[in-house]
Number of protein chains: 2
Amino acid sequence: MREAGKSNRYNIRVVDRAISVLNVLADGKPRTLTELSKEIEINSSTTFRLLATLLSHNLVQQEDSTGQYRLGLACLELARAYNTGDEIRRAALPVLEALRNVTKETVHLAVLDELEIIYLEKLEGLHAIGLMSSRVGRRAPAYCTGIGKVLLAQIDSDLVASQLKNITLKQYTDTTIVDEGELLAHLVLVRNRGYALDLGEHENDVRCVAAPVFDQTGKTVAAISVSGPKDRIDPTESNHLLIEQTTEAARTISGQLGYQNTITSSREDQNAEDH
Amino acid sequence: MREAGKSNRYNIRVVDRAISVLNVLADGKPRTLTELSKEIEINSSTTFRLLATLLSHNLVQQEDSTGQYRLGLACLELARAYNTGDEIRRAALPVLEALRNVTKETVHLAVLDELEIIYLEKLEGLHAIGLMSSRVGRRAPAYCTGIGKVLLAQIDSDLVASQLKNITLKQYTDTTIVDEGELLAHLVLVRNRGYALDLGEHENDVRCVAAPVFDQTGKTVAAISVSGPKDRIDPTESNHLLIEQTTEAARTISGQLGYQNTITSSREDQNAEDH
DNA sequence: AAACGTTTCTCATTAAATGAAAACCCACTG
DNA sequence: CAGTGGGTTTTCATTTAATGAGAAACGTTT
């Protein structure tokens with residue numbers, strides 16, 4: 001999604017073009033054929049045919065007042081299908097449910113894509129809802145979210161460092177880590193601890209605890225978090241319980257995925273309780 | 001989704017093919033290149049290229065243990081995008097939230113596609129959850145669900161009758177209406193009442209009340225429902241409240257969409273309380 | 001009803017998609 | 001460990017099928 005989407009050697013041009021139509025429409029703004037054709041720089045005849053094709057499969061639909069094109073219902077169906085095929089989400093869901101109910105706070109499941117995370121699941125907390133900007137399918141920066149940091153921490157440090165060269169660390173709030181060196185050092189800490197905290201680094205009064213989920217092969221495949229407003233999520237003392245609950249839930253999910261936490265590939269960090 | 005998806009005159013073949021790959025994978029079952037290529041009857045070279053293209057846009061991804069292909073994360077992102085652009089859902093969400101909280105039961109928003117409904121939104125009831133088979137993006141038959149019936153009831157009766165010719169009404173439970181004549185008569189009743197009941201016609205002990213949502217032009221664009229187990233949702237007396245709550249919520253949403261319920265196109269059915 | 005902007009359609013050109021088949025890569029098996 | 005077989009990746013020549021130009025149809029506005 002977004003950007004061009006690298007055209008690999010074998011890509012079929014029309015398909016690339018069709019997908020770029022979808023990606024353009026993915027900002028939610030409906031467009032006319034002409035607008036689209038200009039935006040993606042494709043001849044209007046071709047755009048017409050692309051739209052006709054997508055239309056016939058319900059991947060786009062036409063607003064019937066204006067005739068403008070928007071994404072279609074088939075997108076929802078694909079997502080449903082994605083979810084049912086997603087082993088991680090399936091394993092996680094009941095555990096997340098329990099975690100939400102015991103903490104009463106909002107719980108997330110997300111994966112990493114480059115330097116961003118994508119939310120796979122969100123269970124609203126039992127207090128006032130709709131306060132957080134996260135949505136299933138939405139992206140958020142990795143370097144300033146609990147889930148993001150815990151996932152970055154599992155990746156080879158040099159790799160992260162080289163990827164960081166491509167972006168600038170935006171200072172969302174006054175706790176956001178914007179210094180690369182500081183971030184890398186922090187990630188080491190996160191890795192050793194086995195969990196990450198987010199002290200309002202992305203959204204000012206949202207705090208969270210996040211922990212990684214491993215699969216059979218020991219690879220980090222996702223992470224979970226519990227988040228809430230700063231006045232309920234305390235970064236220091238009472239957190240011990242929350243951290244324990246979160247990491248325990250993550251361990252349970254990992255277990256479901258076949259992860260054996262006995263003898264792991266990586267050496268240190270296996271002495272569970274060092275926080 | 002499903003079936004072939006009529007190839008209109010202007011459809012671009014490769015794009016059709018690419019989409020059929022997605023549709024095949026939409027059952028959640030991962031496949032190898034060869035399996036896919038056989039299933040959709042496309043030369044394996046071409047399938048390879050299709051997959052490469054979809055892969056590069058994250059619409060499909062490869063399981064890294066087996067190398068099999070499944071739907072990818074971009075599907076989630078498209079759905080997110082679809083939702084944010086969806087005016088109906090946006091207008092409905094807060095009202096549904098309120099309706100769920102006051103009834104404490106599961107609330108749905110869905111639209112009609114031919115003789116099936118597709119769920120746009122589901123808010124779980126506040127009792128035990130996960131009992132219903134509905135999911136956002138999933139389809140369900142229209143003729144035996146509250147939402148479905150209320151939507152069918154708004155369509156020209158002859159049109160519905162002719163569409164019904166193409167399917168057989170499966171007897172899901174012993175209250176399912178399987179006789180076409182009876183169904184059509186029932187739909188007239190539903191239309192006049194302005195709401196539909198589902199007395200376990202699809203899932204044995206799920207009952208529901210559903211009401212239609214209209215847009216600016218008076219067209220029926222969606223429907224909402226409140227559903228719960230048969231021991232909590234009473235079809236007769238105490239229902240009056242629930243029916244009133246449901247239809248009122250639907251009216252509110254319609255209002256948000258610009259519907260003026262003063263002078264409506266259709267004549268009768270405007271004397272609200274005839275149940 | 002004229003003028004404009006957009007969408008739909010036709011057609012000839014040729015780029016780009018295609019399938020056959022070869023090369024390559026693994027995982028098994030003897 | 002060589003040999004076999006199934007799958008995947010790559011090449012290449014053929015020709016289909018995608019393409020853009022432009023014309024026609026449509027609809028909206030002045």
Side-chain angles (χ1 to χ4, degrees), chain A residues 4-25 29-72 85 216-217 219, chain B residues 4-25 29-72 85 216-217 219:
Chain A
K6 53 271 161 182
S7 260
N8 292 346
R9 181 146 70 108
Y10 293 114
N11 279 26
I12 295 170
R13 193 178 58 150
V14 219
V15 178
D16 273 336
R17 288 175 158 193
I19 296 171
S20 79
V21 168
L22 294 179
N23 286 344
V24 167
L25 289 175
K29 192 175 127 228
R31 278 157 243 248
T32 68
L33 188 152
T34 313
E35 282 166 351
L36 267 168
S37 125
K38 284 182 183 140
E39 198 155 342
I40 55 183
E41 292 175 315
I42 291 178
N43 183 293
S44 65
S45 305
T46 302
T47 307
F48 174 67
R49 286 182 287 247
L50 288 170
L51 285 170
T53 310
L54 295 171
L55 214 40
S56 79
H57 293 277
N58 267 318
L59 281 165
V60 308
Q61 62 193 36
Q62 271 185 294
E63 229 140 73
D64 41 22
S65 47
T66 62
Q68 292 183 314
Y69 296 91
R70 336 196 284 94
L71 290 183
Q216 220 158 357
T217 71
K219 210 186 90 179
Chain B
K6 53 271 162 182
S7 259
N8 292 346
R9 182 146 69 109
Y10 293 113
N11 280 26
I12 294 170
R13 193 175 60 147
V14 220
V15 178
D16 273 335
R17 288 176 158 193
I19 296 171
S20 78
V21 168
L22 294 179
N23 286 343
V24 166
L25 290 175
K29 193 174 127 230
R31 279 156 240 248
T32 68
L33 187 153
T34 314
E35 284 167 349
L36 266 168
S37 123
K38 283 182 182 140
E39 198 155 342
I40 55 183
E41 292 174 315
I42 291 178
N43 183 293
S44 64
S45 305
T46 303
T47 307
F48 173 69
R49 285 182 287 247
L50 288 170
L51 285 170
T53 310
L54 295 170
L55 214 40
S56 80
H57 293 277
N58 268 317
L59 281 165
V60 308
Q61 62 193 38
Q62 272 186 293
E63 231 140 72
D64 43 20
S65 47
T66 63
Q68 291 183 314
Y69 296 91
R70 335 195 284 96
L71 290 182
Q216 219 159 359
T217 70
K219 211 185 88 178

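Just so we're on the same page: letters track the sequence lines, and every chain starts at 1.
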Starting from [atom2] on [N], measure out to [atom1] on [X] and report it in whole angstrom.
X: B:Asn11; N: D:dA18; atom1: CG; atom2: P; value: 10 Å
X: A:Asn43; N: C:dT13; atom1: CG; atom2: C1'; value: 14 Å
X: A:Phe48; N: D:dG22; atom1: CZ; atom2: C1'; value: 15 Å
X: A:Tyr69; N: C:dT8; atom1: OH; atom2: C1'; value: 10 Å
X: B:Asp16; N: C:dT18; atom1: CG; atom2: P; value: 11 Å
X: A:Gln68; N: C:dG5; atom1: CD; atom2: C1'; value: 14 Å
X: B:Leu51; N: C:dA17; atom1: CG; atom2: C1'; value: 16 Å
X: A:Arg9; N: D:dT8; atom1: CZ; atom2: P; value: 18 Å

Could you pick out which residue, A:Arg13 or A:Gly67, lies toward the 5' side of DNA chain C when each is mapped onto its nearest nucleotide?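 The answer here is A:Gly67.
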Nearest-nucleotide comparison on DNA chain C, the residue closer to the 5′ end among A:Ile12 and A:Thr32: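 Its nearest nucleotide lies further toward 5', so the answer is A:Thr32.
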Derivation of the side-chain contact (heavy atoms from CB on, under 4.5 Å) call for B:Thr34 and B:Lys38: CA-CA 6 Å; B:Thr34 314; B:Lys38 283 182 182 140; 3.8 Å; yes
With the side chain of [X] defined as its heavy atoms from C-beta on, choose the nearest nucleotide among [options].
X: A:Ser45; options: C:dT6, C:dG19, D:dG22; result: D:dG22
X: A:Ile42; options: D:dT19, C:dA20, D:dG20; result: D:dG20
X: A:Thr46; options: D:dT9, D:dT19, C:dT18; result: D:dT19

Presence of [X] side-chain N/O under 4.0 Å of [N] phosphate oxygens OP1/OP2:
X: A:Arg17; N: D:dG20; result: yes
X: B:Arg49; N: D:dT11; result: no
X: A:Thr34; N: C:dT7; result: yes
X: B:Tyr10; N: C:dC9; result: yes

I'd like to check A:Val21 versus A:Ile42 (side-chain heavy atoms, cut-off strictly below 4.5 Å). Are they in contact?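 The answer is no, as the side chains (C-beta and beyond) never meet within the 4.5 Å cut-off.
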Report yes if some heavy atom in the side chain of B:Leu50 is under 4.5 Å from a heavy atom in the side chain of B:Arg17; otherwise report no.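 The answer is yes, as the side chains (C-beta and beyond) meet within the 4.5 Å cut-off.
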Side-chain donor/acceptor of B:Asn43 to backbone N/O of B:Ser45, under 3.5 Å: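 Yes, the answer is positive, given that a donor and an acceptor are paired below the 3.5 Å cut-off.
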Criterion side chain to side chain contact (heavy atoms under 4.5 Å, CB included) against B:Gln68, the qualifying member of B:Glu35, B:Gln61, B:Lys29: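 So the option named by the test is B:Glu35.
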